[in-house]
Amino acid sequence: LLFSVEERVTLVRTALKDNPNVQVCSYDGLTVDFAYSQGVKVLVRGLRVISDFELEYQMALTNQKLCSEVDTVCLMTNLEHAFLSSSVVKEICMAGGNVSDLVPPAVAQALQRKREDKTRT
């Protein structure tokens with residue numbers, strides 16, 4: 001992994017700092033179990049491409065079997081983001097490309113630092 005759990009939590013918190021309705025937490029174990037323990041009733045998942053649907057559908061059915069009190073809702077992405085994945089963004093940055101239009105500013109800066117650290121070693 002390029003970023004540790006702590007780094008990822010910090011980056012997400014920074015990106016969402018102006019939204020007081022969002023809480024960023026890390027956890028171990030099953031997402032559905034964590035959601036239930038936090039009183040969450042609905043998991044919101046994103047769909048980019050058709051292949052995402054099959055995995056998300058399977059996961060939603062499994063989560064329903066594990067914990068029927070938590071539902072899953074899937075939302076389709078805007079066309080402009082359908083091609084994005086963390087792997088693609090990391091590859092672009094590590095190859096020297098500009099990702100500033102693809103991720104929040106703090107993430108672009110952190111990726112650039114990782115790239116610079118990697119080129120020094």
Side-chain angles (χ1 to χ4, degrees):
L1 294 173
L2 187 60
F3 293 107
S4 69
V5 171
E6 294 80 17
E7 288 172 314
R8 286 183 276 157
V9 166
T10 299
L11 289 169
V12 174
R13 283 184 178 150
T14 301
L16 299 173
K17 69 179 186 269
D18 295 329
N19 191 333
N21 298 320
V22 174
Q23 181 180 358
V24 181
C25 304
S26 65
Y27 62 93
D28 292 314
L30 296 172
T31 298
V32 72
D33 289 343
F34 177 73
Y36 182 76
S37 75
Q38 299 298 302
V40 170
K41 300 291 183 194
V42 178
L43 298 174
V44 179
R45 306 284 299 178
L47 299 174
R48 292 172 298 170
V49 292
I50 296 295
S51 57
D52 287 348
F53 176 79
E54 185 175 354
L55 176 63
E56 294 297 340
Y57 183 63
Q58 181 180 17
M59 195 178 318
L61 292 175
T62 302
N63 285 342
Q64 186 67 31
K65 182 71 171 168
L66 294 171
C67 183
S68 62
E69 293 86 3
V70 177
D71 289 317
T72 301
V73 172
C74 293
L75 301 176
M76 292 182 287
T77 188
N78 290 336
L79 182 59
E80 66 183 294
H81 301 296
F83 68 94
L84 281 180
S85 70
S86 61
S87 298
V88 168
V89 170
K90 287 184 278 189
E91 284 181 38
I92 292 168
C93 185
M94 294 304 153
N98 181 356
V99 295
S100 62
D101 288 341
L102 305 176
V103 295
V107 175
Q109 292 166 3
L111 283 166
Q112 185 60 34
R113 283 192 299 275
K114 293 285 185 179
R115 181 178 176 275
E116 290 167 0
D117 290 348
K118 196 171 190 174
T119 57
R120 279 190 225 127
T121 59

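Positions are given from 1, in the same order as the sequence printed here.
A continuous path of hydrophobic side-chain contacts links L43 to Y36 [ILVMFWY only; heavy atoms under 4.5 Å]. Under the 4.5 Å side-chain heavy-atom criterion for ILVMFWY residues, a single connected hydrophobic cluster contains both V99 and F3. Under the 4.5 Å side-chain contact rule for hydrophobic residues, Y27 and V24 do not share a cluster. Both V103 and V88 belong to a single network of hydrophobic side chains, linked directly or stepwise wherever heavy atoms of I, L, V, M, F, W or Y lie under 4.5 Å apart. Connection of F83 to L111 is established within a shared hydrophobic cluster, with ILVMFWY side chains joined at heavy-atom distances below 4.5 Å, either directly or through further cluster members.
Between K114 and D117, no side-chain nitrogen of the basic residue sits less than 4.0 Å from a carboxylate oxygen of the acidic one, so the salt-bridge criterion is not met.
Of the candidates E7, R13, E6, V9 forms a side-chain contact (heavy atoms from CB on, under 4.5 Å) with just one, namely R13.
To the nearest 0.5 Å, atom CG of residue L66 and atom CE of residue M59 are 11.5 Å apart. Going from atom CG of L55 over to atom CZ of R45 covers 7.5 Å, rounded to the nearest 0.5 Å. Within the model, atoms CD of E91 and OG of S85 stand 7.5 Å from one another, a figure rounded to the nearest 0.5 Å.
The backbone N or O of H81 sits nowhere less than 3.5 Å from a side-chain atom of R48 that would complete a donor-acceptor pair.
Nearest heavy atoms, P20 versus D18: CD-O, 3.4 Å. A110 and L11 get closest at one heavy-atom pair: CB-CD2, 3.8 Å. Closest of all the heavy-atom pairs between S100 and A108 is CA-CB, 4.2 Å. Across S26 and V5, no two heavy atoms sit closer than the pair CB-CG1, 3.6 Å. E56 and C74 get closest at one heavy-atom pair: CB-SG, 4.0 Å.
Heavy atoms from other residues, nucleotides or ligands lying under 6.0 Å from CD of Q38 number more than 12. The 12-atom threshold is exceeded at CG of L75, counting heavy atoms of other residues, nucleotides or ligands nearer than 6.0 Å. The neighbour count for D28 CG, taken as heavy atoms of other residues, nucleotides or ligands under 6.0 Å away, does not exceed 12.
There is a side-chain donor-acceptor pair under 3.5 Å between E116 and Q112.
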For this session: Apply the test side-chain contact (heavy atoms from CB on, under 4.5 Å) to residues F34 and C25: give CA-CA distance (whole Å), side-chain angles for both, the deciding distance (0.1 Å), then the verdict.
Result: CA-CA 10 Å; F34 177 73; C25 304; 3.8 Å; yes

Exercise. What's the verdict on side-chain contact (heavy atoms from CB on, under 4.5 Å) for N63 and T31, showing C-alpha distance, side-chain angles and the deciding distance?
Worked result: CA-CA 9 Å; N63 285 342; T31 298; 5.6 Å; no

Problem set entry | CA sep, side-chain torsions, deciding dist, call: M94, L2, side-chain contact (heavy atoms from CB on, under 4.5 Å) | CA-CA 11 Å; M94 294 304 153; L2 187 60; 3.6 Å; yes

For this session: Step by step, work out the side-chain contact (heavy atoms from CB on, under 4.5 Å) result for Q64 and D71.
Result: CA-CA 7 Å; Q64 186 67 31; D71 289 317; 3.4 Å; yes

